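Along the sequence shown, residues carry numbers from 1. Note that the structure is a prediction, hence the values are computed from the model and not measured. Just the heavy atoms: all of them, side chains too, but no hydrogens, waters or symmetry mates, feed the values below.
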Amino acid sequence: MRDVARRYHLPRGMIELELTETAFTDIEKYEAGVEMIHSLQDMGFSISMDDFGSGYSSLTLLGQLPMNIMKIDRSLLESSESSPRRQIILEDAISLGHKLDMKVICEGIETREQEELLLKLGCRYGQGYLFAKPMPGEAFEELLRKVDNEE
C-alpha cells in the first residue's frame, strides 16, 4: 500500500479502505489489525468499518479500532422504515459515529424516502442505486463532468 501511495502521489485521505468486523474475529487478527490500521492511517489512507449494524461485535470494535468512517449496512436502513424501534437504533448509530468523530455513510439507499429519512436523522453521506448503479470508470468520469457543468 505504501508503494501504491508513493507511485501515484496520492493525497492523504484520498483512498478509503473498507474492513469488515469479521476481519477481527480472533485476538491474533485483532492485535495485528490494530497495528495495520495505524500503519495505513500513517500512510494517509482512511479506514472504514463496512457493514456496521449487520454483526454482533460492531460496538466493541468501534471502541477498540481506530476507524475513520462508519458505513451503515443497508439492512439497518431497510428495517428502520417499518419499525420505530429500529429507526431509533439507526438514529443512535448515526449519532454514535458522529460522536466518535467518524464520517458516517449509509449503504443501500434506493428511494427518496430513505434519503429523506437519513437526512432527518443526521446522516449526510450515502450510497446506493438511488444515486447511480455500478458503472465503468469512463462512465463515472462522464457523470462527474455533467455534475460539474450543472454547478
Side-chain angles (χ1 to χ4, degrees), residues 1-80 86 89-110 114-115 117-151:
M1 294 305 296
R2 182 175 286 118
D3 290 344
V4 169
R6 284 183 188 150
R7 184 177 323 134
Y8 295 102
H9 307 286
L10 297 174
R12 296 184 66 78
M14 182 172 204
I15 302 295
E16 171 189 331
L17 304 174
E18 294 182 0
L19 302 174
T20 60
E21 65 185 53
T22 56
F24 302 97
T25 52
D26 64 47
I27 194 66
E28 289 173 15
K29 289 181 185 176
Y30 171 78
E31 298 292 330
V34 171
E35 290 178 32
M36 176 190 64
I37 289 170
H38 282 297
S39 208
L40 290 166
Q41 288 170 327
D42 289 345
M43 287 181 239
F45 295 98
S46 294
I47 309 297
S48 70
M49 176 181 281
D50 195 25
D51 300 331
F52 178 81
S54 65
Y56 298 104
S57 59
S58 297
L59 290 174
T60 300
L61 288 174
L62 274 180
Q64 295 174 331
L65 298 175
M67 302 289 194
N68 307 99
I69 301 161
M70 174 194 292
K71 295 187 87 172
I72 296 175
D73 189 73
R74 70 186 299 250
S75 64
L76 192 52
L77 171 61
E78 288 174 344
S79 66
S80 70
R86 291 184 180 153
I89 294 168
L90 176 60
E91 181 176 24
D92 285 348
I94 293 166
S95 177
L96 177 62
H98 290 150
K99 287 177 183 175
L100 292 172
D101 199 29
M102 298 173 80
K103 181 178 181 180
V104 178
I105 302 170
C106 190
E107 301 174 320
I109 303 170
E110 296 182 357
Q114 290 174 330
E115 178 187 36
L117 172 64
L118 288 166
L119 289 170
K120 181 182 98 175
L121 299 179
C123 186
R124 300 291 176 252
Y125 299 96
Q127 66 185 57
Y129 286 174
L130 175 64
F131 309 111
K133 293 189 177 182
M135 64 185 77
E138 299 81 27
F140 181 68
E141 290 173 4
E142 180 61 29
L143 177 66
L144 289 178
R145 280 191 286 279
K146 287 180 184 175
V147 169
D148 283 345
N149 290 335
E150 290 174 6
E151 292 179 359

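Summarising the local packing, CZ of F140 is surrounded by 12 or fewer heavy atoms from other residues, nucleotides or ligands at distances under 6.0 Å. Taking a 6.0 Å sphere around CG of D42, one finds it holds more than 12 heavy atoms contributed by other residues, nucleotides or ligands. Around the CE atom of M1, the shell of radius 6.0 Å holds more than 12 heavy atoms that belong to other residues, nucleotides or ligands.
Rounding to the nearest 0.5 angstrom, the gap separating the SG atom in C123 from the CD atom in E91 is 11.5 Å. Of the inter-residue distances, the one linking I109 atom CD1 with Q127 atom CD reads 8.0 Å to the nearest 0.5 angstrom. Expressed to the nearest 0.5 Å, how far CG of L119 lies from OH of Y125 amounts to 12.0 Å.
Within the 4.5 Å cutoff, the side chain of M70 has no heavy atoms near those of the M49 side chain. The shortest side-chain heavy-atom distance between E18 and I69 does not fall under the 4.5 Å cut-off. At least one side-chain heavy atom of L19 sits less than 4.5 Å from a side-chain heavy atom of I37. Residues L40 and M43 have side chains in contact (heavy-atom distance under 4.5 Å, counting atoms from C-beta outward). Residues M135 and L143 are in side-chain contact: their nearest non-hydrogen atoms beyond the backbone lie under 4.5 Å apart. Using a 4.5 Å heavy-atom threshold, the side chains of M67 and L100 count as separate.
Nearest approach of L76 to S79, heavy atoms of both residues: O-OG, 3.2 Å.
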Hey, mind stepping through S39 and R2 against side-chain contact (heavy atoms from CB on, under 4.5 Å) and telling me if it holds? CA-CA 9 Å; S39 208; R2 182 175 286 118; 4.3 Å; yes
Stepwise side-chain contact (heavy atoms from CB on, under 4.5 Å) test for M36 and L17: CA-CA 12 Å; M36 176 190 64; L17 304 174; over 6 Å; no
Under the side-chain contact (heavy atoms from CB on, under 4.5 Å) criterion, do E78 and Q114 qualify, and how do the steps go? CA-CA 8 Å; E78 288 174 344; Q114 290 174 330; 4.1 Å; yes
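Here R7 pairs with nothing under the side chain to side chain donor-acceptor pair (under 3.5 Å) rule; sequence neighbours left out.
Tested against L121 for a side chain to side chain contact (heavy atoms under 4.5 Å, CB included), the candidates V104, L77, D92, L90 yield a single pass: L90.
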